[in-house]
**Student:** 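There's a structure below that I have some questions on.
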Amino acid sequence: MGVVTPPPAAKAPKQDRSRATRQRLLEAAVACLAEVGWAGSTVSVVAERAGVSRGAAQHHFPTREDLFTAAVEYVAEERSQALRDLPVQDRASVVAALVDLYTGPLFRAALQLWVAASNEEQLRPRVTELEARVGRETHRIAVRLLDADESRPGVRETVQGLLDMARGLGLANLLTDDAARRRRVVAQWAALVEEGLG
């Protein structure tokens with residue numbers, strides 16, 4: 001009797017490979033924006049970093065704007081999911097978690113996209129719409145995590161003030177490590193939020 005050789009390992013289905021390629025492109029685009037900014041983030045640079053051809057990148061994202069708005073949207077959804085998954089905890093911990101959203105690579109990448117959108121007409125409406133949607137979702141999640149009753153006067157503004165403060169701390173962190181000062185500010189804001197939400 002002859003030797004039976006096993007069949008070659010089955011290839012991943014085409015749809016799975018396509019999904020994996022898209023994922024690598026999105027992650028590479030966010031990393032590029034965060035590290036080298038809009039000017040240095042081209043489709044070719046992202047494709048190389050993701051380990052795919054430029055043609056494969058353009059198959060998934062026909063334009064540069066498509067690629068980078070999808071990348072920021074993807075990571076924004078990841079960020080929102082991480083917030084949704086936070087366990088119920090005290091408000092001071094929620095305040096710190098919200099601030100952390102604005103001090104990482106996603107915020108740096110999103111900021112690069114905002115700056116580019118301020119100068120590029122074709123990009124501006126897409127980024128404006130995306131940021132409005134992300135802002136609404138972040139606010140909604142913050143209200144839930146903080147157990148805030150927005151029917152009370154001033155509560156909505158308190159939550160929005162917290163998110164605006166977090167964004168400001170993220171900007172301050174771009175040029176220097178602002179961790180020590182940020183911890184003190186976050187502790188003070190946590191106390192203000194506790195007082196403001198009752």
Side-chain angles (χ1 to χ4, degrees), residues 10-86 97-142 160 163-178:
K11 283 187 169 182
K14 186 176 182 178
Q15 188 177 28
D16 290 345
R17 288 192 314 272
S18 178
R19 196 174 300 124
T21 298
R22 180 181 171 85
Q23 180 89 8
R24 285 197 319 272
L25 285 164
L26 292 172
E27 290 170 357
V30 169
C32 282
L33 274 176
E35 292 169 18
V36 298
W38 176 256
S41 297
T42 65
V43 174
S44 295
V45 168
V46 171
E48 182 178 333
R49 185 178 190 133
V52 303
S53 70
R54 181 182 167 91
Q58 289 182 309
H59 168 76
H60 288 277
F61 304 101
T63 68
R64 182 182 189 207
E65 292 78 15
D66 291 334
L67 172 61
F68 288 104
T69 53
V72 172
E73 186 169 16
Y74 158 74
V75 182
E77 178 51 38
E78 292 289 307
R79 179 181 76 177
S80 292
Q81 189 59 51
L83 273 179
R84 286 190 289 270
D85 292 344
L86 280 176
L98 290 168
V99 169
D100 286 347
L101 288 178
Y102 295 96
T103 56
L106 169 61
F107 179 73
R108 192 177 286 269
L111 183 61
Q112 293 294 331
L113 200 58
W114 297 342
V115 171
S118 72
N119 296 315
E120 298 198 23
E121 287 295 322
Q122 76 277 15
L123 190 57
R124 186 176 303 140
R126 297 173 77 170
V127 173
T128 301
E129 187 276 327
L130 171 63
E131 286 305 317
R133 190 164 19 100
V134 168
R136 286 189 302 270
E137 175 71 0
T138 302
H139 185 97
R140 188 185 65 72
I141 293 170
Q160 192 56 52
L163 295 174
D164 291 345
M165 179 274 308
R167 189 176 298 112
L169 289 175
L171 286 170
N173 196 55
L174 287 174
L175 297 176
T176 60
D177 180 3
D178 201 34

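For reference, positions follow the sequence shown, starting with 1. Quick caveat: nothing in here was measured; it's all calculated off a predicted structure.
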**Student:** Please find the pair of heavy atoms, one from Ala47 and one from Leu25, that lie closest to each other, and give the distance.
**Tutor:** CA-CD2, 4.1 Å

**Student:** Between Glu121 and Arg124, does any side-chain N to carboxylate O distance fall below 4.0 Å?
**Tutor:** yes

**Student:** What is the minimum heavy-atom distance between Leu171 and Phe107, and which atoms define it?
**Tutor:** N-CE2, 3.7 Å

**Student:** About how many Å separate CG of Asp16 and CD of Gln23, when rounded to the nearest 0.5 Å?
**Tutor:** 12.0 Å

**Student:** Where do Val99 and Met165 come nearest, in terms of heavy atoms and distance?
**Tutor:** CG2-CE, 4.0 Å

**Student:** In Å, rounded to the nearest 0.5 Å, how long is the span from OG1 of Thr21 to CZ of Arg17?
**Tutor:** 8.5 Å

**Student:** Tell me the side-chain hydrogen bond (donor to acceptor under 3.5 Å, both in side chains) pairs involving residues 45-57, sequence neighbours left out?
**Tutor:** Glu35-Arg49, Ser44-Arg54

**Student:** State, yes or no, whether a side-chain contact exists between Arg64 and Leu67 at a heavy-atom distance under 4.5 Å.
**Tutor:** no

**Student:** If we only count heavy atoms from C-beta on, is the Glu73 to Leu26 side-chain gap below 4.5 Å?
**Tutor:** no

**Student:** Just so I know, are the side chains of His139 and Arg136 near enough to count as touching, which here means a heavy-atom distance under 4.5 Å?
**Tutor:** no

**Student:** With sequence neighbours excluded, give me every ring-ring contact (aromatic ring centres under 6.0 Å, His included) pair touching residues 39-71.
**Tutor:** Trp38-Phe68

**Student:** Passes salt bridge (charged side-chain N to carboxylate O under 4.0 Å, His left out), Glu137 versus Arg133? Steps please.
**Tutor:** CA-CA 6 Å; Glu137 175 71 0; Arg133 190 164 19 100; over 6 Å; no

**Student:** Do NZ/NE/NH1/NH2 and the carboxylate oxygens of Arg84 and Glu77 come within less than 4.0 Å?
**Tutor:** yes

**Student:** Does a side-chain heavy-atom distance below 4.5 Å link Val36 with Gln112?
**Tutor:** no

**Student:** Tell me the closest heavy-atom pair linking Ala71 and Val30, and the distance in Å.
**Tutor:** O-CG2, 3.4 Å

**Student:** If you take all heavy atoms of Tyr102 and Thr138, which pair is closest and at what distance?
**Tutor:** OH-CG2, 3.9 Å

**Student:** Taking C-beta and beyond as the side chain, do Thr103 and Asp100 meet within less than 4.5 Å on heavy atoms?
**Tutor:** yes

**Student:** Do you know which two heavy atoms are closest between Leu123 and Ala116, and how far apart they sit?
**Tutor:** CD2-CB, 3.8 Å

**Student:** Could you state the interatomic distance from CD (Gln122) to CD (Glu65), rounded to the nearest 0.5 Å?
**Tutor:** 4.5 Å

